[in-house]
Protein chains: 2
Amino acid sequence: MARTAGSNGTRTLESIRKAGLRLIYRQGYEAMSLRQLASEVGIQAGSLYNHISTKQDLLFDLIRVHMEELIDRLDKTLEGVAGPSDKLDAFIRFHVEYHIARKREVFISYSELRSLEPKNYDAIVELRARYERRLIAVLDDGVAAGVFATADTTVAAFGILAMLTGVCTWFKPGGRMTKDEVIAVYTGLVRDGLARDADKPKAISPPPPPPAGGAPGA
Amino acid sequence: MARTAGSNGTRTLESIRKAGLRLIYRQGYEAMSLRQLASEVGIQAGSLYNHISTKQDLLFDLIRVHMEELIDRLDKTLEGVAGPSDKLDAFIRFHVEYHIARKREVFISYSELRSLEPKNYDAIVELRARYERRLIAVLDDGVAAGVFATADTTVAAFGILAMLTGVCTWFKPGGRMTKDEVIAVYTGLVRDGLARDADKPKAISPPPPPPAGGAPGA
DNA sequence: TTTAAATACGAACATACGTTTTTATCTTGC
DNA sequence: GCAAGATAAAAACGTATGTTCGTATTTAAA
């Protein structure tokens, strides 16, 4: 045979990305074979190459697009919010909601970092750092304004991010808690953890060169 | 050739486990070939099978031993500590120290869950849940004693665990902060996050069947 | 000292992999 | 309606994979 009736490049690529995301999430990048991916899309393995350049490029693209959208949406969310406290609340809500909604993208963006070739790896780590810097900036503002207290805004930011991101490993919609309840608990934890009160240790050492992204590899 | 002079089963197995841990951490389970593993150990691929039964079994064993030791050590650590506040502090210190010391085991125990066959997967998830229950119990005690306040001890425990575990993705010994400083920051965040004060929401719904472990798969 | 078990080599197995190439058909723009 | 480009099939490529097997040598037990 040859070209199938009704075939359409844009639609097929979308199918590939969707199936790829699902399979990589479920099995891992290395464990997903292109034949399996092709079969999910309903085409032959070789035909994938009419839409992607390599398997590695598919992975990189999935992660990159996700990270860029994450940053874009955060920026739009924080745009209209003023003051460190409200910004922190907005950040928490945004982060949790996005991570619940895109748990697969989030998971592979973290766990498949080590499957990225060095150049691609570096690009993603840079995007991740950019996102992290948004939260650090909010914390810094809050500390400067005297509404937050923490010994180290960078470490606090990493701690908060890890905590919030963890939600997408266990949250199930329709489960015991609603999304809003989860957000409420986390907001409480973070707010109080940063609450300013009398005898908190102040900065224990001069401000940071931020640590890399998060992955082992390389 | 045949058996090498000076060869020793116990020592070789130890080499295999050590090299396996390193390679799986760096490249992932699927990406580590047995030939590569064997070469690191200094033997031929086929000879691995004098020491392990399958590749899968090596992975399972690495993770299982790690989880069991984690739980054992935690229990020994908490044994001599009385009162929820001190227990929480001890937990935080133990968890962070252990996770810094064993960052490779920790990482693969999380990220390679999906590479485990169902039976092995279930066993690890159960071990993980057992560990989580230790922290939940401390929080429950604290809430009962009126020294902690949180809307949901299970969610709080997951949040705290995710935050603390996150440390091993960025902490570098000899870096800007010492281990003790990191522990201090995290202890502060958690303590204040759980601090009891007037207008905290109390439990928002009846107590939990705890969510699974953490992995996507299956 | 003899013997059995442990350990490693080296070759082989079947299978699976990512990717390329060729060819045929369909779709689209003129 | 025709030409050009897009899309898919099908087969093949070389290589790599986890695992098994037979054999040789060393170690440890009797």
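Proteins get letters first, then strands, A, B, ... in listed order; numbering begins at 1 in each. If you're wondering where the values come from, they're calculated on a predicted model, not measured in any experiment.
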Decide, yes or no, whether a salt bridge links Glu14(A) with Lys18(A) under the criterion of side-chain N to carboxylate O below 4.0 Å. no

If you measure from the Lys or Arg side-chain nitrogens to the Asp or Glu carboxylate oxygens, is any gap between Arg64(A) and Glu126(A) under 4.0 Å? no

From the set dT19(C), dA8(D), dT19(D), return the single nucleotide nearest to any side-chain atom of Tyr49(B). dT19(D)

Looking only at the side chain of Gln44(B) (C-beta and beyond, no hydrogens), which of the listed nucleotides dC9(C), dT19(D), dA9(D) gets closest? dC9(C)

If you take atom types as modelled and just measure distance, does the side chain of Asn50(A) reach the base of dA8(D) with a donor-acceptor pair under 3.5 Å? yes

Taking atom types as modelled and ignoring hydrogens, do the side chains of Ser115(B) and Glu112(B) form a donor-acceptor contact shorter than 3.5 angstrom? yes

Please report the distance, rounded to the nearest Å, between CG in Leu37(B) and P in dT17(D). 12 Å

Verify the contact: side-chain N or O of His51(A) to OP1 or OP2 of dA8(D), cut-off strictly under 4.0 Å; return yes or no. yes

Thr12(B) vs dA8(C): side-chain N/O to OP1/OP2 distance below 4.0 Å: yes

Using side-chain heavy atoms (C-beta onward) and a distance below 4.5 Å, is Thr165(B) in contact with Tyr110(B)? no

Rounded distance in Å - CD (Gln36(B)) to P (dT19(D)): 15 Å

Distance below 4.0 Å between Ser33(B) side-chain N/O and dA16(D) OP1 or OP2: no

Between dT7(D) (P) and Ile16(A) (CD1): distance, integer Å: 10 Å

Once you round it to whole Å, what is the distance between P of dG18(C) and CG of Leu23(A)? 12 Å

By nearest heavy atom, map Glu30(B) and Gly42(A) onto DNA chain D; which one lands nearer the 5' end? Gly42(A)

How long is the line joining CE of Met32(B) and P of dA16(D), in whole Å? 17 Å

What is the separation between atom CZ on Arg35(A) and atom P on dT17(D), rounded to the nearest whole Å? 16 Å

With a 4.0 Å limit, can you tell me whether Ser47(A) has a side-chain N or O closer than that to the phosphate oxygens OP1/OP2 of dA9(D)? yes

Please work out whether the ring planes of Tyr131(A) and Phe94(A) are parallel, tilted or perpendicular, with thresholds of 30° and 60°. tilted

Whole Å only: how far is the NZ atom of Lys55(A) from the P atom of dG18(C)? 4 Å

Nearest-Å distance, CG (Leu48(B)) to C1' (dT7(C))? 12 Å

